[in-house]
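Heads up: numbering here begins at 1 and tracks the sequence.
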Amino acid sequence: MSQKRIYLRKVPRGLRLGLVARPTAEKRMGLTADARVSYREGRLRRLGLEQMAAEQRAAIPEQKDAFQRLGHVEAYVVNATHESIDAEARELLEPDYIAVPNIELSIPTPQLGTRLFRRPRGAEFWPQESGVHTAHSQGITGDGAVVVVLDTGCDADHLELRRRRIDFRYVPLEPSRDPMRPVRGFDTHGHGTHVCGIIAGEKIGVAPGVELMVAAVIESETHKTSLERVVVALDWVLSLFEQPAYVGKPIIVNMSLGFLPAWIDQPDEEAVEEGMKVLLSTLVEFDVLPIVAIGNEGAGVMRAPGYYAEALAVGAVDSDRVSAWFSGGGLSPFTGEAKPDIAGYGVDIFSSLERDSRNRSQYAYMSGTSMATPYVTGIAALVASANPGLMGSTLREELLGQAMPLPEDAERVGAGLVRFV
């Protein structure tokens, strides 16, 4: 039976402390970085694993001993059909990589409300205290900021989004066999389109001027995805740093996905926890700001990766700034600190949804931390746009510092309501 594992490069803790990290076997041999990659991949091939190059993946059957290297996020995806090959691959890679099973993640199930075929006339979609109107009146709409959405997709031809360019990638169910590819944005569920409308909708978006990128990683039927698909999408995000056009631009990743610890088998729990932390740490070290929904399971329950210190976790409040009954929160089982970090509007949020067979754009009210998260992402884009050079952890601290305090415990609303001031 096939055993797929994601090998994530360990973060050398010594580097953060100003210490010299213990050299790997390849480093002790005096190999350069490129030579170390060739040495490692040569050994993987000798184990009987076939390298999955992009032009070859479609021809490789699913049940095939093979591996793929994701160079930007520093990971390997290894698919081994034999226990002996799986064990040998782990022995080779585990000194420097964390072996994580290809776990399942899902979006927090939102509550769908009334559908409409047009925007309400004269409606103000964001309360005055959000600061959205203040920012827009000053000509601040998110220009210069890059937002990447990992979700069910995005209908690029919805009325709210069709006049902008959306860099869209569909990440297949088996990305190791079927390469990620750029196509015209689509969404057979509507969740991702709702999220994108909140962030960047032409008339209703918090930050309509952002550069919007979308990776479709979540299936519409199940609301689920795999760690492999998420890692492939994040590898694409980090590849942006090789392009001169993105040098110095703040990059924000919006993720309404995660898992509950109870979903993970006990033997895999430690590897999953450490692996997810490494993945988020890699983003943070590249000055990417990951903004993550805390989940819709209510008080005392939180989803990973929202409860990691590296994630800016978002809870939901209603228009009266009262925490929503469904919004998760509590003390992180990983750090012991209160989560969520901050709150956003997440009850009866109006945004784009889908188009019908007559090509009419539909809108809908939806509730969930999946709605609060893109609101926070949009505000982050406004703040970054107004303060050139502000990104990553410094952008995070700015958002926390200017949040509106709320009369509830930090385990419900964090630092308070995120806003533009």
Side-chain angles (χ1 to χ4, degrees), residues 1-8 41 44 49-81 89 100-107 147-157 165-193 195-196 212-240 253-259 263 272 275-276 279 282-283 305 354 370:
M1 184 177 180
S2 176
Q3 172 65 64
K4 184 176 288 185
R5 298 186 193 276
I6 319 297
Y7 289 85
L8 298 165
E41 295 180 2
L44 288 171
L49 293 159
E50 183 173 350
Q51 185 164 10
M52 298 183 287
E55 63 276 9
Q56 299 171 329
R57 292 177 208 158
I60 297 176
E62 182 177 356
Q63 298 299 318
K64 180 77 174 180
D65 297 311
F67 74 92
Q68 177 191 5
R69 177 173 176 260
L70 301 171
H72 299 99
V73 79
E74 290 199 85
Y76 284 94
V77 180
V78 175
N79 190 66
T81 61
V100 185
N102 190 28
I103 62 168
E104 187 176 87
L105 304 95
S106 72
I107 56 173
V147 169
V148 186
V149 175
L150 273 57
D151 215 291
T152 60
C154 178
D155 183 356
D157 291 310
R165 179 181 180 274
I166 299 174
D167 194 350
F168 183 94
R169 297 292 188 279
Y170 174 70
V171 184
L173 290 173
E174 289 288 341
S176 55
R177 291 190 299 116
D178 189 6
M180 181 175 66
R181 55 194 184 273
V183 295
R184 181 70 174 169
F186 65 92
D187 181 9
T188 58
H189 182 272
H191 185 278
T193 304
V195 165
C196 290
L212 185 62
M213 308 176 74
V214 180
V217 299
I218 300 169
E219 291 309 298
S220 60
E221 294 85 358
T222 64
H223 301 174
K224 295 177 180 178
T225 186
S226 66
L227 178 60
E228 179 186 12
R229 297 176 79 188
V230 173
V231 171
V232 166
L234 293 178
D235 189 68
W236 170 53
V237 173
L238 295 186
S239 73
L240 301 178
V253 176
N254 186 101
M255 291 187 285
S256 298
L257 54 84
F259 65 90
W263 299 354
V272 170
M276 292 300 295
L279 191 58
T282 301
L283 295 177
E354 58 188 2
S370 290

Rounded to the nearest 0.5 Å, what's the gap from [atom1] on [X] to [atom2] on [Y]? Could you check?
{"X": "Leu227", "Y": "Leu279", "atom1": "CG", "atom2": "CG", "value": "7.0 Å"}
{"X": "Lys4", "Y": "Glu174", "atom1": "NZ", "atom2": "CD", "value": "3.5 Å"}
{"X": "Arg5", "Y": "Asn102", "atom1": "CZ", "atom2": "CG", "value": "11.0 Å"}
{"X": "Leu8", "Y": "Glu74", "atom1": "CG", "atom2": "CD", "value": "10.0 Å"}
{"X": "Leu150", "Y": "Arg169", "atom1": "CG", "atom2": "CZ", "value": "12.5 Å"}
{"X": "Met213", "Y": "Ile166", "atom1": "CE", "atom2": "CD1", "value": "11.5 Å"}

Does some side-chain heavy atom of [Y] sit less than 4.5 Å from a side-chain heavy atom of [X]?
{"X": "Asp151", "Y": "Leu257", "value": "no"}
{"X": "Cys196", "Y": "Leu212", "value": "yes"}
{"X": "Val272", "Y": "Trp263", "value": "no"}

Q.
Checking the side chain of Arg229 only, and the main-chain atoms of Pro172 only, is there a donor and an acceptor separated by less than 3.5 Å?
A. yes
Q: Return yes if some donor-acceptor pair links the side-chain N/O of Asn79 with the main-chain N/O of Ala66 below 3.5 Å, else return no.
A: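 Side chain of Asn79 to backbone of Ala66, a donor-acceptor pair under 3.5 Å: no, none is there.
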Q.
Taking side chain to side chain contact (heavy atoms under 4.5 Å, CB included) as the definition, give me every residue that meets it alongside Asp187, ordered by chain and number, with sequence neighbours left out.
A. Thr152, His189, Thr193
Heavy-atom closest pair, residues [X] and [Y]:
{"X": "Ala156", "Y": "Arg184", "value": "O-NH2, 3.4 Å"}
{"X": "Ser256", "Y": "Ile107", "value": "O-CG2, 2.9 Å"}
{"X": "Ala216", "Y": "Phe168", "value": "CB-CZ, 3.7 Å"}
{"X": "Ala233", "Y": "Val217", "value": "CB-CG1, 3.9 Å"}
{"X": "Met276", "Y": "Phe259", "value": "CG-CE2, 3.9 Å"}
{"X": "Phe67", "Y": "Val78", "value": "CB-CG2, 4.0 Å"}

(Q) I need the single residue from Val253, Val148, Thr282, Leu70 that forms a side-chain contact (heavy atoms from CB on, under 4.5 Å) with Leu234. Which is it? (A) Val253
Q: Show your reasoning for whether side-chain contact (heavy atoms from CB on, under 4.5 Å) applies to Val73 and Val232.
A: CA-CA 8 Å; Val73 79; Val232 166; over 6 Å; no
